[in-house]
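Numbers here simply count residues along the sequence, with the first being 1.
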Amino acid sequence: NMENINRTLSKLILCVEMENWEKAEMFMETIRQLTEGAPREISREILRLKMAVQKENYEKVAAQHKLLEEKFAAGSSEMG
């Protein structure tokens, strides 16, 4: 599951960099589904990422993406 989340996050950031916000929202929905049942802290960060995508705010999306990648890397052994 972590592999799917990381792959989808990578696709999301690529869409954002190409300013394809519609496709980014599709990937964001996939990420949200993949992280259902995640710890509350992760869920909050996912929600922040989703709002940044909806607002088409590249800087916030990039910052949230980096933060989530770090959290997933740190907690990947815990989350499986």
query = Is there a path from L67 to M2 through hydrophobic residues (I, L, V, M, F, W, Y) whose side chains come within less than 4.5 Å of each other?
reply = no

Show me the side-chain donor-acceptor pairs of residues 36-47 shorter than 3.5 Å, one per line, residues at least two apart or across chains.
residue	atom	partner	partner atom	Å
E41	OE2	K71	NZ	2.2
S43	OG	P39	O	3.4
E45	OE1	Q64	NE2	2.8
E45	OE2	R48	NH1	3.0

query = Residues in side-chain hydrogen bond (donor to acceptor under 3.5 Å, both in side chains) with N57, at least two apart?
reply = none

message = So, using salt bridge (charged side-chain N to carboxylate O under 4.0 Å, His left out) as the criterion, who are the partners of E29 when residues are at least two apart?
response = R32

query = Of all residues at least two apart in sequence or in a different chain, which pass the side-chain hydrogen bond (donor to acceptor under 3.5 Å, both in side chains) check with E69?
reply = none

Would you give me the side-chain donor-acceptor pairs under 3.5 Å for residues 9-28, sequence neighbours excluded?
residue	atom	partner	partner atom	Å
S10	OG	N6	O	3.1
N20	OD1	K23	N	3.3

With sequence neighbours excluded, residues passing salt bridge (charged side-chain N to carboxylate O under 4.0 Å, His left out) with K66 = E70

remark   = When rounded to the nearest 0.5 Å, the distance separating OG1 of T30 from CZ of R7 is 12.0 Å

